[in-house]
Number of protein chains: 2
Amino acid sequence: MKVAYELVNARREKLAQMLQDQAYIPISNVCSQLNISEATARRDLAFLEANQRIVRTYGGALVEYNQKFPSFLERQQVELKGKKKLAKVARDLIIPKSTCFFDAGTTIYALAFELKQKPVEGVKIVTNSLPIAELMTGVQGIEVHLLAGQYLHRQGVIFGEATVKTVRFYDIDDAFMSAEGFDQKGLWNSDATVVEFQRQVIRQSSRKVFCLGAEKMGKRAPVFLSDWGNVNVLISDAISSDLPVYSQAQFKGKIFSI
Amino acid sequence: MKVAYELVNARREKLAQMLQDQAYIPISNVCSQLNISEATARRDLAFLEANQRIVRTYGGALVEYNQKFPSFLERQQVELKGKKKLAKVARDLIIPKSTCFFDAGTTIYALAFELKQKPVEGVKIVTNSLPIAELMTGVQGIEVHLLAGQYLHRQGVIFGEATVKTVRFYDIDDAFMSAEGFDQKGLWNSDATVVEFQRQVIRQSSRKVFCLGAEKMGKRAPVFLSDWGNVNVLISDAISSDLPVYSQAQFKGKIFSI
DNA sequence: TATTTTATGATTGACTTCAGTCATATATTG
DNA sequence: CAATATATGACTGAAGTCAATCATAAAATA
């Protein structure tokens, strides 16, 4: 039998709440606590997952982690595999006792993940990404510094005017960054304020390392970030002869094509 | 075949680590990532559960929420009850569209908790406490701004030189703060850098609201924070006639004694 | 070196979860 | 009021998970 929309929504809200409190609830409990059948319980979970409120697991669902960086986690799961290769190469470029900036986004998150597996001694990481900060914190021999700014829940990122200002406090050796697209002209991103921030980072870093997946090659995004003259190291899994930097006198960096 | 203890422990440690990073891992992934059989994977999970490092779920395992801010959550649970009363009073002092600084610590966390229950429209919260930021983020009509600095995992706090510097970017209406002790002379805290930071906040806030539990009355801590002249509002559950401010000509603020 | 201990993988059967299909009752819409 | 849309529960087979048992090989111990 059909049931009023309100009731359905209220129940789903309650389920979301329950998951928040209990972190994990077996399906059977969901049924008994809400007095619904297994089928409906599953449908409710599916709904909440579709709305990115939870992450389903075999036998239940997770809120907690997902709630923190909802969209972030999603992207991560899909793309992490391909980025692992880039990340491993980038990881080996990190110098002991250096200060590194880690850009927000899944590409650099993968790098952070590799660094955690194989830490480099005395490294200071400066970032505006909370997932990266939480991943790296507590790792022996590594210091995490967060930038100031508004905490944007969905992206798990700290951002705003203050972020651009505070990055000036840091003297960065290596900046590990990514972009949404790259072509002969250079690097592109979709948000103007993000680009402004990234430019500030570029200005203040002795070495700029860009990790760019092959899928981004030839693509442009609305805002131009930088030409190839600012790139010291390019890491990509695109076929090396296809890389736009080959036709660039500008580019004087090193290429890791894998 | 038997395997050296070291290897077993190392593998279990790695598994615990993996769970911390990924929050949830299906058994099948555990097997493939560690190159062990299902049986062993289960045994490892059982071990970690016995040591209270994880909570098992059907099909995988969860790292306890507690692990995130270990010491912080501990304190919170013990003391939250008494602080709820103070928090409710403080909550009602918050003005729509104002910018509020929220001090790190359990007392102000309780305030954040109350504010979440009953949000005030258009409030901007500036804080260096990650538990508070994560609690408040996503609440309708409330913006969260984090300060820069080193991320101290155990305390869940952002702190350091940069924290003091970045707080200057903000024009704070109301600062909600606490201290470890208070007496006739004024307020006390145990850490010199924390005090330096708090003084900066005091300098920049139009109104200074201190929430001080009765158990802190008459106590001193190593570092002097401020005399009563800087306190605009005092909220405490101590008996009002006992409060040291009564013998203070300095004190011109308002008292909420409950 | 010989003996004991134990970490492991394979196997088993019971149990749980899952996605899909279908009939039905009720809300919603026209 | 009639027609439509849809939320639900029951049922299904397939797949995943679990705890227990057992043989084995390598580490630990004597």
Side-chain angles (χ1 to χ4, degrees), chain A residues 1-67 70 73-74 76-78 80-81, chain B residues 1-65:
Chain A
M1 63 294 194
K2 193 170 175 176
V3 157
Y5 295 125
E6 286 180 14
L7 294 179
V8 177
N9 285 332
R11 189 190 58 223
R12 288 179 177 167
E13 214 48 48
K14 191 176 173 190
L15 175 58
Q17 196 62 42
M18 281 164 55
L19 282 164
Q20 254 192 53
D21 300 340
Q22 303 180 38
Y24 172 82
I25 311 176
I27 277 278
S28 51
N29 282 30
V30 175
C31 300
S32 59
Q33 289 189 49
L34 294 175
N35 279 318
I36 53 178
S37 71
E38 252 188 38
T40 304
R42 278 181 221 294
R43 279 187 274 252
D44 284 359
L45 288 173
F47 171 85
L48 290 173
E49 186 177 41
N51 286 35
Q52 313 197 5
R53 308 264 312 261
I54 62 168
V55 171
R56 295 185 71 187
T57 66
Y58 201 91
L62 281 181
V63 212
E64 190 190 309
Y65 189 82
N66 179 43
Q67 260 225 321
L73 191 81
E74 201 188 289
Q76 182 200 331
Q77 287 182 341
V78 181
L80 199 57
K81 296 165 202 164
Chain B
M1 64 289 196
K2 192 171 176 178
V3 157
Y5 295 125
E6 285 180 14
L7 295 178
V8 178
N9 285 332
R11 189 189 57 221
R12 288 179 176 166
E13 213 49 46
K14 191 176 174 190
L15 175 58
Q17 199 63 258
M18 283 164 53
L19 281 164
Q20 256 194 48
D21 300 339
Q22 304 180 34
Y24 173 83
I25 312 178
I27 275 278
S28 51
N29 281 32
V30 175
C31 299
S32 60
Q33 288 189 49
L34 295 175
N35 279 317
I36 52 178
S37 71
E38 251 189 37
T40 303
R42 280 182 220 295
R43 278 186 275 252
D44 284 358
L45 289 174
F47 172 84
L48 290 173
E49 187 177 40
N51 287 33
Q52 312 201 0
R53 307 267 310 263
I54 61 168
V55 173
R56 295 184 70 186
T57 68
Y58 202 92
L62 284 179
V63 283
E64 268 288 48
Y65 183 72

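Per chain, numbering begins at 1; letters A, B, ... match sequence-line order. It should be emphasised that the depicted structure is a prediction, and the values quoted were computed from it without experimental measurement.
- Remark: T57(B) pairs with Y24(A), Y24(B), L62(B) by the side chain to side chain contact (heavy atoms under 4.5 Å, CB included) rule, at least two apart or across chains.
- Rounded to whole Å, atom P of dT16(C) lies 12 Å from atom OH of Y58(A).
- The distance between atom CD1 of I27(A) and atom P of dG16(D), rounded to the nearest whole Å, is 17 Å.
- Between L7(A) atom CG and dT26(C) atom P the separation is 13 Å, expressed in whole Å.
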Step-by-step side-chain contact (heavy atoms from CB on, under 4.5 Å) determination, V30(A) to D44(A): CA-CA 10 Å; V30(A) 175; D44(A) 284 359; over 6 Å; no

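- Here CD1 of I25(B) is found 9.5 Å from OG of S32(B). Values are rounded to the nearest 0.5 Å.
- To the nearest 0.5 Å, the span separating CD on Q33(B) from OG on S28(B) amounts to 9.5 Å.
- Considering only heavy atoms from C-beta on, T40(A) comes within 4.5 Å of R11(A) through its side chain.
- Listed nucleotides: dC18(D), dT28(C), dC18(C). Nearest to the side chain of R56(A): dC18(C).
- E38(A) has its side chain out of reach of R43(A): every pair of non-hydrogen atoms, C-beta onward, lies at least 4.5 Å apart.
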Sequence-aligned protein contact record of nucleotides 8-13 of chain C, with B where the base is within under 4.0 Å of a protein heavy atom and S where only the sugar-phosphate is: BB----

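- Between the CG atom of N9(B) and the P atom of dA28(D) there is a distance of 11 Å, rounded to whole Å.
- Atom pair I25(B):CD1 and dG16(D):C1' shows a separation of 17 Å (rounding to whole Å applied).
- Atom CZ in R42(A) sits about 12 Å away from atom C1' in dG16(D), given to the nearest Å.
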